[in-house]
2 protein chains.
Amino acid sequence: MLELRLVQGSLLKKVLEAIRDLVTDANFDCSGTGFSLQAMDSSHVALVALLLRSEGFEHYRCDRNLSMGMNLNNMAKMLRCAGNEDIITIKADDGSDTVTFMFESPNQDKIADFEMKLMDIDSEHLGIPDSEYQAIVRMPSAEFSRICKDLSSIGDTVIISVTKEGVKFSTAGDIGTANIVCRQNKTVDKPEDATIIEMQEPVSLTFALRYMNSFTKASPLSDQVTISLSSELPVVVEYKVAEMGYIRFYLAPKIEEDEEMKS
Amino acid sequence: MLELRLVQGSLLKKVLEAIRDLVTDANFDCSGTGFSLQAMDSSHVALVALLLRSEGFEHYRCDRNLSMGMNLNNMAKMLRCAGNEDIITIKADDGSDTVTFMFESPNQDKIADFEMKLMDIDSEHLGIPDSEYQAIVRMPSAEFSRICKDLSSIGDTVIISVTKEGVKFSTAGDIGTANIVCRQNKTVDKPEDATIIEMQEPVSLTFALRYMNSFTKASPLSDQVTISLSSELPVVVEYKVAEMGYIRFYLAPKIEEDEEMKS
DNA sequence: ACCTCTCGTT
DNA sequence: AACGAGAGGT
């Protein structure tokens with residue numbers, strides 16, 4: 001028996017909007033720790049890891065670990081039927097092949113329940129080691145989103161270069177080139193406007209903008225985004241989910257063309 | 001000679017937006033009583049009945065009964081040219097094959113007149129008897145609209161079930177099922193938020209969501225909608241037009257599948 | 001915070 | 001033409 005009651009239901013709605021265009025089917029894993037998901041995108045290039053800790057739920061009952069395979073498009077369709085102020089409860093009976101989403105309007109006048117079929121999905125759950133990163137950039141998520149969107153109208157890839165003064169996003173395409181530099185800025189009126197760079201050593205890596213633009217769909221979840229970079233490691237683009245956990249996107253850097261030739 | 005002056009011209013604009021995707025051509029009937037329309041939708045499944053009483057007009061002159069056939073898309077095109085604050089006057093000369101819409105801006109600085117060709121439309125005018133209904137639900141029009149829209153992302157039909165505690169909207173589709181229950185609620189801060197159920201006996205009927213979603217285009221006309229249900233009778237979905245009359249939509253229930261087989 | 005309106009997109 | 005996203009207003 002599973003029963004997870006989330007007062008701020010809009011969080012779950014946003015989580016699904018954030019990952020549904022990257023991942024079509026995935027297993028949600030429930031344990032005492034929380035409600036989590038790990039999945040590769042459909043082209044097996046990027047990885048999404050979601051964690052919503054049990055303490056973030058008003059009520060969290062999970063009698064035994066459960067892995068529920070869901071079609072994220074169908075799940076998103078149902079969650080779109082919840083109001084932004086609704087309380088969302090996720091329910092599943094042991095051994096059942098369905099999951100129920102219950103939506104309660106703030107004044108309790110409207111109660112909706114949506115039942116969805118589960119599916120069998122085989123997925124290897126990767127252990128993701130905690131790594132040290134050469135550079136960690138924290139910046140406003142809206143700004144990062146705007147930059148990726150803007151650059152993708154010029155080129156297909158973005159080179160992210162971090163020095164301790166700032167972070168530079170560069171691209172090149174048929175019509176020209178573009179560079180956007182964001183300076184570190186800690187002394188800002190509102191903390192959510194800050195751009196903070198923690199750098200061990202300069203780093204410069206190249207990524208496909210297509211995936212970056214998918215990642216930024218998570219922007220509504222958090223005012224800030226954290227970008228963790230190291231040579232040889234996938235970049236981690238992380239959005240906090242208020243008081244509950246995070247969504248992390250992993251993407252391997254593009255190898256420089258000359259190195260690509262060597263291999 | 002016909003001359004109808006409507007101070008709150010936006011009402012007529014909204015009326016047209018409400019019915020133009022259901023009905024393409026229709027006769028507007030003018031008499032001493034008022035300005036009215038009755039038409040089947042293009043697939044002859046739903047019926048629209050509009051009444052704007054003569055008392056609702058600032059000036060109402062209708063020398064003799066007149067039936068004016070109009071293309072509602074063209075009429076809507078013209079009315080869209082009126083500002084929301086404009087006073088609209090509808091004029092027609094006896095025997096003329098055109099109608100004129102005159103728009104006066106609130107400060108009288110702008111006066112526009114649009115002349116539109118009338119068309120011959122043969123329509124049988126049905127007498128619609130006043131019936132007793134097993135259940136009448138009054139609820140916020142925006143909520144009804146949202147429910148129909150949400151359910152149509154899951155299934156094609158809605159089952160509306162009324163008990164004295166509340167009204168339930170249900171659907172089923174490939175990806176799952178959905179039930180939305182609205183409780184009766186008379187004791188609400190604002191009367192337009194109330195949900196009121198007058199029930200003689202429980203009733204449960206099935207309707208095509210496609211039409212319901214067309215009906216809800218009339219939501220801008222009124223904060224509340226009235227849904228009148230009886231077995232064997234078409235549902236009536238009614239929106240009041242402020243101080244003037246109403247738009248009513250009629251739709252026959254779907255017959256249960258097993259009964260359909262018999263026939 | 002919610003809703004409306006406008007704009008851009010499919 | 002209809003829908004969805006974004007911005008601005010209440």
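- Of the side-chain N and O atoms in B:R146, none sit less than 4.0 angstrom from OP1 or OP2 of C:dC3.
- In this structure, the CG atom of A:N107 is 12 Å from the P atom of C:dC2, given to the nearest Å.
- A residue-by-residue look at B:D21 and A:E17 shows that B:D21 has its nearest nucleotide of DNA chain D further toward the 5' end.
- The nearest whole Å value for the distance from the NZ atom in B:K13 to the P atom in C:dT4 is 16 Å.
- Rounding to whole angstrom units, NZ of residue B:K190 and P of C:dC2 are separated by 12 Å.
- Note: B:F144 and B:F169 have tilted aromatic rings, judged against thresholds of 30 and 60 degrees for the angle between ring planes.
- Put simply, NZ on B:K217 is 6 Å from P on D:dC3, counting in whole angstrom units.
- Using a 4.0 Å heavy-atom criterion, one finds that B:R20 contacts the sugar-phosphate atoms exclusively.
- Atom CG in B:D223 sits roughly 14 Å away from atom C1' in C:dC2 (whole-Å rounding).
- Rounded to whole Å, the distance from CG on B:N213 to P on D:dA2 is 13 Å.
- Both B:K77 and B:K149 sit near DNA chain D, but only B:K77 has its closest nucleotide nearer the 5' end.
- For residues 137-149 of chain B, the pairs satisfying salt bridge (charged side-chain N to carboxylate O under 4.0 Å, His left out) are B:R146-B:D150, with sequence neighbours left out.
- Counting only distance, with no hydrogens or angles, the side chain of B:N179 and the backbone of B:K168 share no donor-acceptor pair below 3.5 Å.
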Distance-only donor-acceptor pairs under 3.5 Å for side chains of residues 68-88 of chain A, two or more places apart:
{"residue": "A:N71", "atom": "OD1", "partner": "A:N73", "partner atom": "N", "Å": "2.9"}
{"residue": "A:N71", "atom": "OD1", "partner": "A:N74", "partner atom": "N", "Å": "2.8"}
{"residue": "A:N71", "atom": "ND2", "partner": "A:D25", "partner atom": "OD1", "Å": "3.2"}
{"residue": "A:N73", "atom": "OD1", "partner": "A:R20", "partner atom": "NH1", "Å": "2.3"}
{"residue": "A:R80", "atom": "NH1", "partner": "A:E17", "partner atom": "OE1", "Å": "3.2"}
{"residue": "A:R80", "atom": "NH1", "partner": "A:E17", "partner atom": "OE2", "Å": "3.0"}
{"residue": "A:D86", "atom": "OD2", "partner": "A:G83", "partner atom": "N", "Å": "2.8"}

